[in-house]
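Just so you know, ligand 1 is whichever comes first in the structure, and atom 1 is the first atom listed for that ligand. Hydrogens, waters and symmetry mates play no part in the numbers below; they use all other heavy atoms, side chains included.
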Amino acid sequence: MIEGLQGKVVIVTGGGHGIGKAYCEGFTKSGSRVVVADIDGEAAEKVAADMGKLSEAGSMAVTVDVSDEESANQMVAKTVERFGRVDVLINNASIFATIPMSRGRIEEISIEEWDKLMSVNLKGVFLCCRAVLPQMRQQKSGKIVNIASGTALYGPPGRIHYVASKAGVMGFSRTLAREVGDDNIQVNILCPGSTLSEENPTEEILKMRQSNLGARALKRVQVPQDLVGGVLFMSSPLADFMTGQTLVVDGGQNMH
Ligand code: NAD
């Protein structure tokens with residue numbers, strides 16, 4: 001699908017479901033060796049097996065809880081043990097749809113849910129980056145793409161914990177980009193718009209995904225495949241001189 005990704009070793013967290021699965025497919029079709037990392041180990045195994053049917057480059061499933069330091073370190077150790085290096089880390093795992101979050105206003109968000117969301121969506125990115133950096137520094141190369149959200153730019157009412165976690169991912173990524181530039185590691189951000197990523201969407205979800213079409217320049221429902229090109233580009237040598245940047249892929253809702 002994109003030049004320069006052949007043979008690259010790519011970890012996709014949250015690769016077992018939704019948009020992460022589409023990233024795994026995009027990398028596999030580009031000839032990369034994909035590590036499908038998810039807290040849902042069964043789903044990760046299934047995606048890795050499907051990737052094995054698409055390409056002989058090699059894929060692997062890892063069960064990981066990104067909010068746990070030891071688990072994140074093990075994810076990287078298993079990757080290096082199998083493939084010898086890590087070229088790309090896509091921090092995509094999140095509490096969002098597969099593990100749902102409440103979408104209420106501030107008074108309805110429990111402190112417990114706030115903490116849980118921060119620990120997966122924000123601390124998880126911190127832990128996975130920390131786990132992968134020694135290997136990338138040793139290689140003197142690496143690409144990290146952190147998945148934020150258009151909600152962090154627009155600030156819609158509701159799910160304030162989620163929006164705050166994604167705004168945190170953006171600030172985190174910019175500082176990290178400056179900290180690791182000398183090691184030839186690029187860190188960029190992708191902000192998806194509201195995307196129909198649910199495997200079995202209810203009528204209510206379909207309605208929700210259609211509700212913002214009027215705010216977009218391109219008036220159709222966004223699907224996971226819409227996000228793959230941006231992620232592949234930022235992971236490839238085409239983006240070697242691009243770091244700390246935010247790519248918004250939402251059909252022209254936020255013009256950032
Ligand atoms: P999803 O909920 O289907 O996928 C998230 C994946 O992360 C799942 O496979 C889940 O099992 C995994 N996960 C959850 N907690 C984990 C943990 N502790 N450790 C490891 N894996 C864990 O959501 P999606 O719609 O596919 O979204 C993918 C990414 O895109 C997320 O970061 C989400 O916040 C972001 N995003 C989605 C949309 C959208 O409308 N779908 C919009 C903006 C941003």
**Q.** CZ (R82) with more than 12 external heavy atoms under 6.0 Å
**A.** yes

Q | P192 and ligand 1 - part of the residue with a heavy-atom distance under 4.0 Å | A | both

Q: For ligand 1, note which part of N92 has a heavy atom under 4.0 Å away: side chain, backbone, both or neither.
A: both

Q) Which protein non-hydrogen atom lies closest to atom 11 (O) of ligand 1, naming both residue and atom, and how far is it? A) D38 OD1, 2.6 Å

(Q) Suppose we measure from atom 42 (C) of ligand 1 to each protein heavy atom; which comes out shortest, and what is that distance? (A) G193 O, 3.3 Å

Q) What protein heavy atom is closest to atom 24 (P) of ligand 1, reported as residue, atom name and distance in Å? A) S197 OG, 3.6 Å

Q. What atoms of ligand 1 come closer than 4.0 angstrom to any heavy atom of Y162?
A. 33 (C), 34 (O), 35 (C), 36 (N), 43 (C), 44 (C)

Q: State plainly whether one hydrophobic cluster holds both V231 and V34, where clusters connect Ile, Leu, Val, Met, Phe, Trp and Tyr through side-chain heavy atoms under 4.5 angstrom apart.
A: yes

(Q) Pairs of nitrogen or oxygen atoms closer than 3.5 Å, one from I19 and one from ligand 1: do any exist? (A) yes

Q. Hey, is E198 touching ligand 1 through its side chain, its backbone, both or neither, going by heavy atoms under 4.0 Å?
A. neither

**Q.** Identified side chain to side chain contact (heavy atoms under 4.5 Å, CB included) counterpart of I90 within the set I147, L232, L190, N146
**A.** I147

Q: Classify the side-chain pair N212/Q210 by whether it contains a donor and acceptor separated by less than 3.5 Å.
A: no

Q | Over 12 foreign heavy atoms within 6.0 Å of CG, L206 | A | yes

(Q) Taking V86 as the starting point, is it possible to reach I144 by hopping between hydrophobic residues whose side chains are less than 4.5 Å apart? (A) yes

(Q) Using a 4.0 Å cutoff against the non-hydrogen atoms of R209, which atoms of ligand 1 qualify? (A) 40 (O)

Q: May I ask you to check whether A97 has an N/O atom sitting below 3.5 Å from an N/O atom of ligand 1?
A: yes

Q. Quick one: does N188's side chain have a donor or acceptor within less than 3.5 Å of a partner on G244's backbone?
A. yes

Q) Can you name the one residue among S94, S197, C24 that meets side chain to side chain contact (heavy atoms under 4.5 Å, CB included) with I19? A) S197

Q.
Would D65 count as a polar contact of ligand 1, with the cut-off being nitrogen or oxygen pairs under 3.5 Å?
A. yes

Q. Can you tell me which residue and heavy atom of the protein come closest to atom 23 (O) of ligand 1, and the distance to 0.1 Å?
A. F96 CD2, 3.6 Å

Q. Hey, does the side chain of R209 reach the backbone of T195 with a donor-acceptor pair shorter than 3.5 angstrom?
A. yes

(Q) Quick test: of every protein heavy atom, which one is nearest to atom 4 (O) of ligand 1, and how far off is it to 0.1 Å? (A) T98 OG1, 4.0 Å

Q. In terms of side-chain heavy atoms, does E108 have a donor or acceptor partner in S102 at a distance below 3.5 Å?
A. no

Q.
Tell me whether V12 shares a hydrophobic cluster with V249, the cluster being built from Ile, Leu, Val, Met, Phe, Trp, Tyr side chains joined at under 4.5 Å.
A. yes

Q: Specify whether W114 and H161 have parallel, tilted or perpendicular ring planes, treating 30° as the upper limit for parallel and 60° as the lower limit for perpendicular.
A: parallel

Q | N or O pair under 3.5 Å between S149 and ligand 1 | A | no

Q. Thinking salt bridges, do K29 and E25 make one under a 4.0 Å N-O criterion?
A. yes

Q: Measure the distances from the heavy atoms of P224 to every atom of ligand 1 and state whether one is below 4.0 angstrom.
A: no

Q) What about F96 and Y23, same hydrophobic cluster or not, with Ile/Leu/Val/Met/Phe/Trp/Tyr joined at side-chain heavy-atom distances under 4.5 Å? A) no

Q) Near S194, which atoms of ligand 1 are under 4.0 Å from a heavy atom of that residue? A) 40 (O)

Q. Would you say the side-chain atoms of N254 pair up with the backbone N or O of H256, donor to acceptor, closer than 3.5 Å?
A. no

Q.
Using a 4.0 Å heavy-atom cut-off, which part of K166 comes near ligand 1: side chain, backbone, both, or neither?
A. side chain

Q. Any N or O of T195 that comes nearer than 3.5 Å to an N or O of ligand 1?
A. yes

Q. Ligand 1 versus A37, non-hydrogen atoms closer than 4.0 Å: side chain, backbone, both, neither?
A. neither

(Q) To check your reading of the model: name the closest protein heavy atom to atom 21 (N) of ligand 1, its residue, and the distance in Å. (A) I39 N, 3.3 Å

Q | Contacting atoms of ligand 1, where contact means under 4.0 angstrom from a heavy atom of I99 | A | 14 (C), 15 (N)

Q. So is G124 in contact with ligand 1, going by heavy-atom distances below 4.0 Å?
A. no

Q: Before signing off on this row, confirm whether V66 and ligand 1 have an N or O atom pair separated by under 3.5 Å.
A: yes

Q: Just need the protein heavy atom nearest to atom 5 (C) of ligand 1, so name the residue and atom and give the distance.
A: S94 O, 3.6 Å

Q) Which heavy atom of the protein is the closest neighbour of atom 20 (C) of ligand 1, given with residue, atom name and distance? A) V64 O, 3.2 Å

Q. With a 4.0 Å cut-off on heavy atoms, does S71 reach ligand 1?
A. no

